[in-house]
Amino acid sequence: MKLPIDFYLRQDVVQVAQDLLGKVLYTHIHGKTCAGIITETEAYAGITDKASHAYGNRRTTRTETMYQQGGISYVYLCYGMHHLFNIVTNQQDIPHAVLIRAIQPYAGLDTMLQRRNAKQYHHQLLNGPGKLSMAMGINQTFNAQSLQGNQVWLESKSIDVPEECIEITPRIGVDYAKEDALLPYRFVVKAKL
DNA sequence: CGTACGATCTGCT
DNA sequence: GCAGATCGTACGA
């Protein structure tokens, strides 16, 4: 069951970031299906958030994706070589997004290993936004895709992550955001599910 | 048009 | 622990 559109349209992107923990991210490419349980997320809270690409209501070719209605992907190239995968939330013209930073393999591990040039699973395989994109086959063509489609989508598991298993910290790699770099917008699953 | 820099990862020291 | 890889985007001239 794909997550319904209402999940993404909620106003509080920080809450959505937390709720995304334990959800399952799927990609389907050339007949290969891969899936991972989301274990780390970060919220980017739009025009007032100095860490966001949309800070100050910046509307550019790149950020335009975030201004669309929630429930789509936002993928961009970082450091010239990593495709970072985000989920757009909230209504149209409110550029909120959640960065997916880590997953735990759930299906299609063999394909993920191939894409990562690895022989077997190890705990460093999917623990970073660039790594999971490479493993899942996510690239620029995944930008602005509907999460109700059949290329990339999210599903719910029967059990949610209990709150006591969630660690909340400041975001990674956003020192340039000054005081906003300290906001508690990063969510990490502590133990295995 | 030129340039500075990143929501990162890897390999080498 | 640190530098190098590597290029689209943003912004000022």
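Chain letters run A, B, ... following the sequence lines, proteins first and then strands; every chain starts at 1.
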side-chain N/O A:His53 vs B:dA7 OP1/OP2, d < 4.0 Å: yes
Can you list the stems that include DNA chain C, where a stem is three or more consecutive Watson-Crick or G-U pairs with distances under 3.5 Å? B:1-6 with C:7-12, B:8-12 with C:1-5
Rounded off to whole Å, could you give me the OH-to-C1' distance for the A:Tyr176 and B:dT8 pair? 12 Å
Taken to the nearest whole Å, CG/A:Leu84 to P/C:dG8 is 16 Å
Among the nucleotides B:dT8, B:dT10, B:dA7, whichever has the atom closest to the side chain of A:Tyr79 is B:dT8
Without hydrogens or angle criteria, can the side chains of A:Tyr44 and A:Glu42 be said to hold a donor-acceptor pair below 3.5 Å? yes
Ring-on-base stacking between A:Tyr76 and C:dG8, under 5.5 Å between centres and under 30° between planes: is it there? no
Whole-Å gap separating C1' (B:dC9) and NE2 (A:His122): 12 Å
Does A:Asn127 form a side chain to side chain donor-acceptor pair (under 3.5 Å) with A:Gln124? I'd like the steps, not just the answer. CA-CA 5 Å; A:Asn127 67 336; A:Gln124 306 261 55; 3.0 Å; yes
Taking 4.0 Å as the cut-off, does a side-chain nitrogen or oxygen of A:Arg58 come that near to OP1 or OP2 on C:dT9? no
Measure CG/A:Asn143 against C1'/C:dG8 and give the value in whole Å, please. 13 Å
More than 12 non-hydrogen atoms from neighbouring residues, nucleotides or ligands closer than 6.0 Å to CD on A:Gln11, yes or no? no
Between A:Gly80 and A:Thr63, just flag the one whose closest nucleotide in DNA chain C comes earlier from the 5' side. A:Gly80
Output the single nucleotide from B:dC9, B:dA7, C:dA5 whose closest atom is nearest the side chain of A:His82. B:dC9
Contact under 4.0 Å: A:Thr60 side-chain N or O vs C:dA10 OP1/OP2: yes
Minimum-distance nucleotide (side-chain atoms of A:Leu77 versus B:dA7, C:dC7, B:dC9): C:dC7
Measure CD/A:Glu64 against P/C:dG8 and give the value in whole Å, please. 20 Å
For A:Asp49 and B:dA7, what is the distance between atoms CG and P respectively, to the nearest whole Å? 11 Å
Under the 6.0 Å and 45° cation-pi test, does A:Arg10 pair with A:Phe7? yes
Kindly say if A:Arg62 contacts the phosphate of C:dA10, meaning a side-chain N or O under 4.0 Å from OP1 or OP2. yes
Which part of the nucleic acid does A:Arg116 contact within heavy-atom distance under 4.0 Å: base, sugar-phosphate only, or nothing? sugar-phosphate
Are the side chain of A:Arg171 and the backbone of A:Leu183 linked by a donor-acceptor contact shorter than 3.5 Å? no
For A:Leu182 and B:dA7, give me the distance from atom CG to atom P, rounded to whole Å. 17 Å
To the closest 0.5 Å, what do you measure between CG (A:Asn143) and CZ (A:Phe85)? 10.0 Å
Just checking A:Glu163: does its CD atom have more than 12 heavy atoms from other residues, nucleotides or ligands closer to it than 6.0 angstrom? no
Side chain to side chain contact (heavy atoms under 4.5 Å, CB included) for A:Met66 and A:Tyr76? Distances and angles first, verdict last. CA-CA 11 Å; A:Met66 279 197 284; A:Tyr76 71 93; over 6 Å; no
Nearest-Å distance for atom pair CD/P, residues A:Glu42 and B:dT8: 7 Å
